[in-house]
Amino acid sequence: MIGQGAGIAIIGSGSAAPAQVLDNNNLAQLVETSDEWIKTRTGIGKRHLANPLTSLSELSVQAAQKAIAMAGIAAFDLDLIILATSTPDDLFGSASKIQGLLGATKAVAFDLTAACSGFVFGLITASQFIRTGVYQNVLVIGADVLSRWVDWSDRGTCVLFGDGAGAVVCQATQEGDRLLGFEMFSDGSQNSSLNLAYQGQPKTLNEEVAIASGTYQPVTMNGKEVYRFAVEKVPEVIEKALYNANLVVEDVDWLILHQANQRIIDAVASRLKVPAHKVISNLAEYGNTSAASIPLALDEAIAQGKIKAGDTIAISGFGAGLTWGAAIFKWGK
Ligand code: UT7
């Protein structure tokens, strides 16, 4: 894919996870499950959970500050902040709060909701503003605190999720576009497979006017359907993004999928014929952190020295909506 204006370089990353940890054995005290079941069916060993005083904005700011520092810019240099989340502190959005906490006074900030595809969609959205020459420095955050929205008595969902945040800084460059290809999809006909839906009861305001009054209900999921969807659509969307990038699977140095289930990661890697040593996974430590999972895994792999400047990375997010997408990029300046 050829950029029309500036190219995009992804030059800073950061992440944050709450210190509090709940392992599978702890969880087995809450619901009828076992460490063995969770590990063999999902690959998850533990999850980090935000305590009652920790906000999504705080976790996001911690991740963002590290990404900004690695990029070698100041918060003031940011032109745009995109917060991909389904669990804002405030339904009106949390991006502006984060902008304020960072002191990114020049930046416009907004939330983007695309569940576990949120970070991929956010990165692609950011790239459009850079390619058109509108903005120079864009911060993309993926963050979620789904622990606040799962039913902790439902073993079908509560064992899966954890909290966290990850962020990247994208910068305009004239030295080649590092976002090599992408592709995104939605399928609303399968919307009921995974929801965190508002449910209200009718409330009569007067004889002629009634409204709904209620709140959002905990996550509901048809695990088998989402599993089938992911294993079918994720390899496809990565292949499409690679085609757009004029690359083949062998060109990919690292595969980072949304961290939902190790069996999904393994099945996708095997379909694409990506060898295990190129596949990044941190599910065992964090579980599924929704929009945070890809930037969290990316940041850890960079910090561990696995991912190096110039490496070609394929990322793919998938989840509620249903939504799914992939992006192929070269990391670093
Ligand atoms: O980011 C959002 C994207 N979400 C996903 O990607 C989720 C995709 N789906 C999955 O990862 C898997 O479907 C799950 C991990 C959710 C479930 O794994 P599964 O292999 O599809 O299990 P299942 O739902 O078919 O359940 C198998 C059995 C059932 O018992 P019976 O009916 O065979 O007696 C469940 O009741 O396992 C039981 N079960 C559990 N047992 C112990 C379900 N959850 C648990 C549990 N502990 N936590």
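Just so you know, residue 1 is the first one in the sequence shown, and it goes up from there. For ligands, and for the atoms within them, numbers begin at 1 and follow the listed sequence. We use all heavy atoms of the structure for the numbers below, so side chains are in, but hydrogens, waters and symmetry mates are not.
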### Task
Could you tell me whether T157 approaches ligand 1 through its side chain, its backbone, both or neither, with non-hydrogen atoms closer than 4.0 Å?
neither

### N288: numbered ligand 1 atoms lying under 4.0 Å from its heavy atoms
1 (O), 2 (C)

### Message
Between D111 and L83 (side chain of the first, backbone of the second, donor and acceptor by atom type, cut-off under 3.5 Å), is there such a pair?
### Response
no

#### Entry: Residue pairs involving residues 319-333 (criterion side chain to side chain donor-acceptor pair (under 3.5 Å); sequence neighbours excluded)
S117-T323, T312-K330

### N282 and E285: side chain donor to acceptor below 3.5 Å
no

### Query
In terms of residue, atom name and distance, what is the protein heavy atom nearest to atom 6 (O) of ligand 1?
A260 CB, 3.3 Å

### Query
Just which atoms of ligand 1 are under 4.0 Å from any heavy atom in V159?
48 (N)

### Task
Please write down residue, atom name and distance for the protein heavy atom closest to atom 5 (C) of ligand 1.
V226 CG1, 3.5 Å

### Task
Could you pull out all residues at least two apart from E183 that satisfy side chain to side chain donor-acceptor pair (under 3.5 Å)?
N244

### Message
Under 4.0 Å from atom 25 (O) of ligand 1, is there at least one protein heavy atom?
### Response
yes

### Query
Is V274 reachable from V234 through a run of hydrophobic residues whose side-chain heavy atoms are each under 4.5 Å from the next?
yes

### Query
Does N191 use its side chain to pair, donor to acceptor, with the backbone of G321 at less than 3.5 Å?
yes

### Query
According to a 4.5 Å side-chain heavy-atom criterion applied to Ile, Leu, Val, Met, Phe, Trp and Tyr, with indirect links allowed, do F119 and L56 form part of one hydrophobic cluster?
no

### Query
Salt bridge or not for D163 and R47, using N-O below 4.0 Å?
no

### Query
Taking heavy atoms and a distance under 4.0 Å, where does N261 meet ligand 1: side chain, backbone, both or neither?
side chain

#### Entry: Any donor-acceptor N/O pair, D89 side chain to S57 backbone, under 3.5 Å
yes

### Query
What residue and heavy atom of the protein are closest to atom 8 (C) of ligand 1, and at what distance?
G223 O, 3.5 Å

### Task
Indicate yes or no: at least one non-hydrogen side-chain atom of I265 is less than 4.5 angstrom from one of L283.
yes

### Task
Do me a favour and list the nearest non-hydrogen protein atom to atom 22 (O) of ligand 1 with residue, atom name and distance?
R41 NH1, 3.4 Å

### Task
Say whether D144 and T289, considering side chains only, have a donor N or O and an acceptor N or O under 3.5 Å apart.
no

### Message
Minimum distance, heavy atoms only, to atom 30 (O) of ligand 1: which one of R155, H258, E32 is it?
### Response
R155

### Query
With atoms numbered from 1 as shown, which atoms in ligand 1 lie under 4.0 angstrom from a non-hydrogen atom of M221?
4 (N), 7 (C), 16 (C)

### Message
Pairing donors with acceptors under 3.5 angstrom, does anything connect the side chains of S193 and E225?
### Response
yes

### Query
With side chains defined as the heavy atoms from C-beta onward, is the minimum distance between S34 and N24 less than 4.5 Å?
no

### Query
What do you think, any protein heavy atom under 4.0 angstrom from atom 2 (C) of ligand 1?
yes

### Message
Is atom 20 (O) of ligand 1 near the protein, in the sense that some protein heavy atom lies at less than 4.0 Å from it?
### Response
yes

### Message
Only heavy atoms of C116, strictly under 4.0 Å: list the atoms of ligand 1 that pass.
### Response
1 (O), 2 (C)

### Message
Are any of the N/O atoms on T42, whether in the backbone or the side chain, positioned under 3.5 angstrom from an N/O atom of ligand 1?
### Response
no

### Query
Should you measure from each heavy atom of R263, which atoms of ligand 1 turn up under 4.0 Å away?
18 (O), 20 (O)

### Query
Just heavy atoms, cut-off under 4.0 Å: does Y227 contact ligand 1 by side chain, backbone, both, or neither?
both

### Message
Contact between ligand 1 and I38 is defined here as a heavy atom of the residue under 4.0 Å from a ligand atom; is it met?
### Response
no

### Message
Using a 4.0 Å cutoff against the non-hydrogen atoms of K224, which atoms of ligand 1 qualify?
### Response
13 (O), 21 (O), 23 (P), 25 (O)

### Message
Pairs of nitrogen or oxygen atoms closer than 3.5 Å, one from T33 and one from ligand 1: do any exist?
### Response
yes

### Message
Could you identify the single nearest non-hydrogen protein atom to atom 39 (N) of ligand 1 and state the distance to 0.1 Å?
### Response
W37 CZ2, 3.4 Å

